[in-house]
Amino acid sequence: MSDLILSVLMLAGTALFAGGVFVLRKGVNKRQGWLMLVAAIVMFANVAIMMVPTPERNLPVSTHAVD
């Protein structure tokens, strides 16, 4: 499920980035274009944060059986 969410975030970020560039080049509504670019950067940053590996010892629940 996590992979699906990350994939959708990447696709949405790409669409926002392309749309932001298009709006900025068109020159009609520059504020909207900049906001779209910022939203795309936030989405890419969220995906990057979620992809950072964490050590197993920092997991909230131990996966080892108690002897």
Self-check item: Single-linkage hydrophobic cluster Val38~Val47, side-chain heavy atoms < 4.5 angstrom
Solution: no
Quiz item: Is the closest side-chain heavy-atom distance between Val21 and Leu37 below 4.5 Å?
Solution: yes
Quiz item: Where do Gly19 and Met36 come nearest, in terms of heavy atoms and distance?
Solution: C-CE, 3.5 Å
Self-check item: Inter-residue atom distance Leu6.CG - Leu11.CG, 0.5 Å rounding
Solution: 11.0 Å
Quiz prompt | Closest non-hydrogen atom pair between Gly13 and Ala40, with its separation | solution = O-CB, 3.4 Å
Quiz item: Does Ile41 share a hydrophobic cluster with Phe22, counting links as ILVMFWY side-chain heavy atoms below 4.5 Å and allowing steps through other members?
Solution: no
Quiz prompt | Heavy-atom neighbours of Phe17 CZ exceed 12 at 6.0 Å | solution = no
Quiz item: Distance from Leu9 atom CG to Leu4 atom CG, nearest 0.5 Å?
Solution: 10.0 Å
Quiz item: Met10, Ile49: one ILVMFWY side-chain cluster at the under-4.5 Å cut-off?
Solution: no
Quiz item: Can you find a heavy atom in the side chain of Leu35 that is under 4.5 Å from one in the side chain of Arg31?
Solution: yes
Exercise. Find the distance between CD (Gln32) and CG (Leu24) and round it off to the nearest 0.5 Å.
Key: 10.0 Å
Quiz item: Yes or no on side chain to side chain contact (heavy atoms under 4.5 Å, CB included) for Thr14 and Phe44, after CA distance, side-chain angles and deciding distance?
Solution: CA-CA 9 Å; Thr14 304; Phe44 293 142; 4.1 Å; yes
